[in-house]
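Structure, as structure tokens:
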Amino acid sequence: MEYKGRPGKSYFKVVLVRVSAGEYVILKGPEEEKRLARVLQNDYNITKYEKMIQLLAMEMVQKEYREGFCSIFSIENISKGLQGGGMVQYTYKRKVCDTWEMVHTKIYPRVWQGDELEEFVVYVICHKEECRCGKENVNGRRGWL
């Protein structure tokens with residue numbers, strides 16, 4: 001399933017996270033990250049979601065934002081932030097099409113099981129006006145989250 005977004009809105013990346021399974025499913029995003037996500041399926045020492053967050057922080061997030069990135073995107077902090085119909089947001093600098101760019105991330109709950117968060121969706125938007133990565137990712141061309 002590939003997420004195309006609504007007309008006129010181009011998301012750089014859209015991810016579905018299944019908390020209890022620890023799954024990180026890229027619905028729309030760079031092919032390189034999709035391949036990495038498939039490789040992580042076989043790592044049984046840590047959930048796929050946790051490992052992907054660690055790898056993204058090390059490889060894609062600018063050093064000054066890494067600690068905040070890991071903290072904000074922890075399952076515990078996301079669950080707390082989404083309680084009561086909330087939304088989690090974070091703006092940080094990361095690699096986009098081989099350059100450092102500011103991106104804005106919004107996280108929304110998708111499925112609750114009682115008080116437990118079961119699934120959430122992450123939307124990443126590049127701030128650079130002329131950036132075409134969101135459009136290129138739909139067709140599988142270059143770009144990074």
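None of these values were measured; they are calculated from a predicted model. We're numbering straight along the sequence, starting at 1.
Between Y49 and Y24, the ring planes are tilted. Angles from 30° to 60° get that label. The aromatic rings of Y11 and Y123 lie tilted to each other, with the angle between the two planes from 30° to 60°.
A side-chain contact (heavy atoms from CB on, under 4.5 Å) with M60 is found for exactly one of K93, R66, K95, namely K95. Among V111, I75, L16, the one residue that satisfies the side-chain contact (heavy atoms from CB on, under 4.5 Å) test with F120 is I75. The only option from V15, V88, V17 that meets the side-chain contact (heavy atoms from CB on, under 4.5 Å) definition with I107 turns out to be V88.
When only modelled atom types and interatomic distance are considered, T99 and E101 share a side-chain donor-acceptor pair under 3.5 Å. Residues Q89 and T105 bring no donor and acceptor atom of their side chains to less than 3.5 Å of each other.
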Candidate pair F69 and Q62, rule side chain to side chain contact (heavy atoms under 4.5 Å, CB included), full reasoning: CA-CA 10 Å; F69 178 86; Q62 195 173 51; over 6 Å; no
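Of the inter-residue distances, the one linking L117 atom CG with L82 atom CG reads 5.5 Å to the nearest 0.5 angstrom. Taking CD from Q54 and CD from E59, the interatomic distance works out to 12.0 Å, rounded to the nearest 0.5 Å.
In terms of heavy-atom proximity, C70 sits nearest to A57 at SG-CB, 3.6 Å.
Under the 4.5 Å side-chain criterion, counting only non-hydrogen atoms from C-beta, Q113 is not in contact with V19. In this structure the side chain of H104 reaches within 4.5 angstrom of the side chain of T91, judged on heavy atoms. A 4.5 Å side-chain heavy-atom check between V122 and K13 finds every atom pair outside the cut-off.
Follow the hydrophobic side-chain contacts under 4.5 Å out from V96 and you reach L55 in the same cluster. Clustering ILVMFWY residues whenever any of their side-chain heavy atoms sit less than 4.5 angstrom apart, transitively, puts F73 in a cluster other than the one holding M58.
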